[in-house]
Amino acid sequence: MTIALERPKKTKSAQIREKLGYPIIDTDVHTQEFPPAFLDYLEQVGGSAIAQRFQEHLPGASRSKWFKQTWEERRAYRTARPPFWTRPTKDALNLATISLPKLLHERLQEAGTDFAVVYPNLATMAPHIGNEEMRLAVCRAVNTYHADIFRPYSDRLTPIAAIPMNTPEEAIAELEYAVNVLGLKAIQIPGHIRRPIPAFEKYGEEVANEAIWIDTFGLDSKYDYDPFWAKCVELKVVPTTHSSGMGWINRRSISNYQYNHIGHFAAAGEALCKSLFFGGVTHRFPTLKFAFLEGGAAWGASLYTDLIWHWYTRNKDHLVENNNPGNINREELLEYYTRYGGELVHGRLDQLGSGLGFHADLVAPLEPGDLDEFALAGVSKPEDIRDRFLNHFYFGTESDDTRVAQAFNRKANPYGERIKAFLGSDSGHWDVPDITAIAANTYSMVERKIITEEDLQYFLSIHPLELYTSLNRDFFKGTAVEKTADEFLTSRG
């Protein structure tokens, strides 16, 4: 029996695309590997033993630790409740779309989306594999697999390369292979590496696995990642990240996945973003931009405003003038306490100072650099924060996330600027089962006056064009967006 596979020729989203008159670029479309085919690649890269070991970790092949534990064990280890059903299964079409590049290519056009950056599920997880041998083999195999299966559809689809970041050396090696050998032009790095706190390693592996710190490659990192950032500039690739914050201290509910899930991408993205900023990466690499996927843009607007506010209230000169304990006129302070303190301070005025936020041992001058926490970032005025932030950071936002209004609220954002939000639909996951609904969802925010028509163009087209052509002017060459990209670059000079 032959099953009819007729689909509507023109969806509502495609009709909206025609009306817009400019391309829609989706920066975050999820796909799912076909396990038997991927295992062939893994065996070629790492050998049969690696492939055999990895099968235990394939999605659906084994249950996570949480599912194997009793409730007593979950409480004892505070094992975070993991996700449950995450794939679109209401109809076969949507499920098949996320794993078959040819079908995805067709449906992208039905959806009115001109071009998409693809984030395969395994590729987003591969850099977080703890075992070094397994991590490097899976990253290499997953990059080779996706380069091969998406190559015939490069006019509308480009997959990311998964770049492991446990050391700068392994990151550079995989980056060079992905770009120079496989021809990939988009990459994804993990947002962080979990590292054991050295002082606790002496208590054994079980303690060291829990007593960890989050290395975010910029501020206070274990390694100097500048050689990797320099290699990104050299090879003309923009680092993007799509990492989870689930399982972090405040995301360890043992019973509720949604408690752990809400806001976790934003939390992980913010940790990396602050590290890149305060660690001076955006200062030392003025042409390098970064994108944070799936966390929305509201946290970006909040962080941008917060950074400027902190500079005004915590910059070096302000601290010296307003917060230096040595500025206090102790005789005058003593007089106030004598007049107004009464029984509260009677007989205790010799202890004046303790509990008031300053102590004698902090009055002595610190090292000059200790006061200026914006020094590494190269910030000497608030406009520097604006430039370091807005010229470097982009925020993937789903098509129905109305909080994008905060990114485009130019009255509220410092200097009247837009935060660089762009469409990252997350299609293919449980929250976005139908790729053909994305443009319609987004345009509804214009219809509801949440964002303007001008904002919409920045969201769907200008910001992704700006990001991906920032280092590689040929990023969209040979794609359905090539003409628009050329016009955009000409207009920017």
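Keep in mind it's a predicted model, so treat the numbers as computed, not measured. Heavy atoms only: backbone and side chains are in, while hydrogens, waters and symmetry mates are out.
With sequence neighbours left out, the side chain to side chain contact (heavy atoms under 4.5 Å, CB included) criterion links Arg251 to Asn260, His264, Ala267. Residues meeting the salt bridge (Lys or Arg N to Asp or Glu O under 4.0 Å) test with Arg151, sequence neighbours left out: Asp148.
Taken from CE in Met134 to CG in Leu136, the straight-line distance is 11.0 Å, to the nearest 0.5 Å. The distance from the CG atom of Leu157 to the CG atom of Asp26 is 10.0 Å, given to the nearest 0.5 Å. A distance of 9.5 Å separates CG in Leu456 from OG in Ser461, rounded to the nearest 0.5 Å. For the atom pair CD1 of Ile16 and CD1 of Ile24, the computed distance is 7.5 Å after rounding to the nearest 0.5 Å. To the nearest 0.5 angstrom, Phe395 atom CZ is 7.0 Å from Leu303 atom CG. Note that CG of Leu489 is 4.5 Å distant from CZ of Arg473, once rounded to the nearest 0.5 Å.
Contact between Asn413 and Thr305 at its shortest, heavy atoms only, is OD1-OG1, 4.5 Å. When all heavy atoms of Ile160 and Pro120 are compared, the closest pair comes out as CG1-CD, 4.0 Å. Nearest heavy-atom pair across Thr241 and Gln188 is CA-CG, 4.2 Å. Minimum interatomic distance between Pro414 and Ile308 (heavy atoms only, all atoms of both residues): CB-CD1, 3.5 Å. A pairwise comparison of heavy atoms in Asn94 and Asp91 identifies N-OD1, 2.9 Å as the closest pair. Nearest heavy-atom pair across Arg53 and Asn131 is NH2-OD1, 3.8 Å.
Residues Ser13 and Glu110 form no side-chain contact, since every pair of their non-hydrogen atoms from C-beta on lies 4.5 Å or further apart. Between Arg140 and Thr144, some side-chain heavy-atom pair lies under the 4.5 Å cut-off. Within the 4.5 Å cutoff, side-chain heavy atoms of Trp213 are placed close to those of Lys222. With contacts defined as side-chain heavy-atom distances shorter than 4.5 Å, the pair Leu122/Phe38 qualifies. Taking the side chain as every heavy atom from C-beta outward, Cys232 and Leu175 approach each other to under 4.5 Å. Side-chain contact between Glu43 and Ser48: present, with at least one pair of heavy atoms (C-beta onward) separated by less than 4.5 Å. Between Pro83 and His261, the closest side-chain pair of non-hydrogen atoms is not below 4.5 Å. At a threshold of 4.5 Å between non-hydrogen side-chain atoms, the residues Trp229 and Leu276 count as touching.
For Lys185 and Asp474, the salt-bridge test fails: no basic side-chain N is under 4.0 Å from an acidic carboxylate O. For Glu447 and Lys12, the salt-bridge test fails: no basic side-chain N is under 4.0 Å from an acidic carboxylate O. Taking the charged nitrogens against the carboxylate oxygens, Asp434 and Arg107 do have a contact shorter than 4.0 Å, which makes a salt bridge. Between Lys102 and Glu106 there is no salt bridge, since no side-chain N of the basic residue sits under 4.0 Å from a carboxylate O of the acidic one.
Heavy atoms of other residues, nucleotides or ligands lying less than 6.0 angstrom from CH2 of Trp71 number more than 12. Residue-environment remark: CZ (Arg252) exceeds the threshold of 12 foreign heavy atoms within 6.0 Å. Within a 6.0 Å radius of OH in Tyr257, other residues, nucleotides and ligands contribute more than 12 heavy atoms. Within a 6.0 Å sphere centred on CZ of Arg194, heavy atoms belonging to other residues, nucleotides or ligands number 12 at most.
For Arg135 (side chain) and Gly130 (main-chain N/O), a donor-acceptor pair under 3.5 Å exists by modelled atom type. Side chain of Arg448 to main chain of Ser444: a donor-acceptor pair is present (N/O by atom type, distance under 3.5 Å, no hydrogens or angles). Put simply, the side chain of Asp114 never gets that close to the backbone of Ile25: no donor and acceptor are under 3.5 Å apart. In terms of modelled atom types and a separation under 3.5 Å, the side chain of Asp215 and the main chain of His192 share no donor-acceptor contact. In this structure, His392 contributes its side chain and Thr282 its backbone to a donor-acceptor pair below 3.5 Å. Side chain of Glu482 to main chain of Gly478: a donor-acceptor pair is present (N/O by atom type, distance under 3.5 Å, no hydrogens or angles). Remark: the backbone N or O of Met165 is paired with a side-chain donor or acceptor of Tyr225 at under 3.5 angstrom. With hydrogens and angles disregarded, no donor-acceptor distance shorter than 3.5 Å links the side chain of His463 to the backbone of Phe459. Not a single donor-acceptor pair under 3.5 Å links the side chain of Asn121 to the backbone N or O of Glu33. Between the side chain of Arg74 and the main chain of Gln69, a donor-acceptor pair closer than 3.5 Å is present.
Judged purely by distance below 3.5 Å, without hydrogens or angles, the side chains of His429 and Glu398 never pair a donor atom with an acceptor atom. Residues Tyr394 and Glu466 have side chains that bring a donor and an acceptor to within less than 3.5 angstrom of each other. Judged purely by distance below 3.5 Å, without hydrogens or angles, the side chains of Thr452 and Asp455 pair a donor atom with an acceptor atom. Side-chain contact annotation: Ser243 with His128, donor-acceptor N/O pair under 3.5 Å present. When only modelled atom types and interatomic distance are considered, Glu132 and Asn166 share no side-chain donor-acceptor pair under 3.5 Å. There is no side-chain donor-acceptor pair under 3.5 Å between Thr436 and Thr11.
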- request: Could you check Tyr443 against Leu460 for side-chain contact (heavy atoms from CB on, under 4.5 Å), going step by step and ending with a plain yes or no?
  value: CA-CA 10 Å; Tyr443 193 73; Leu460 295 177; over 6 Å; no
message: Between Phe217 and Val281, is the side-chain contact (heavy atoms from CB on, under 4.5 Å) condition met? List the steps.
response: CA-CA 9 Å; Phe217 319 124; Val281 176; over 6 Å; no
task: Test Ile149 against Phe34 for side-chain contact (heavy atoms from CB on, under 4.5 Å), laying out the working first.
output: CA-CA 11 Å; Ile149 67 172; Phe34 181 57; over 6 Å; no
query: Passes side-chain contact (heavy atoms from CB on, under 4.5 Å), Phe475 versus Val238? Steps please.
result: CA-CA 11 Å; Phe475 185 91; Val238 173; over 6 Å; no
task: Start with the C-alpha gap between Lys10 and Glu18, add the side-chain angles, then the distance that decides, and say whether salt bridge (charged side-chain N to carboxylate O under 4.0 Å, His left out) holds.
output: CA-CA 10 Å; Lys10 187 169 292 187; Glu18 288 182 356; 3.0 Å; yes
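Test Phe393, Trp299, Phe389 against Tyr304 for ring pair (Phe, Tyr, Trp, His ring centres under 6.0 Å) and you get one pass: Phe389. If you run side-chain contact (heavy atoms from CB on, under 4.5 Å) between Ile438 and each of Leu423, Asp400, Leu108, Val29, only Leu423 comes through.
Taking the six-membered ring wherever Trp is involved, the centroid distance between the rings of Tyr153 and His105 falls below 6.0 Å.
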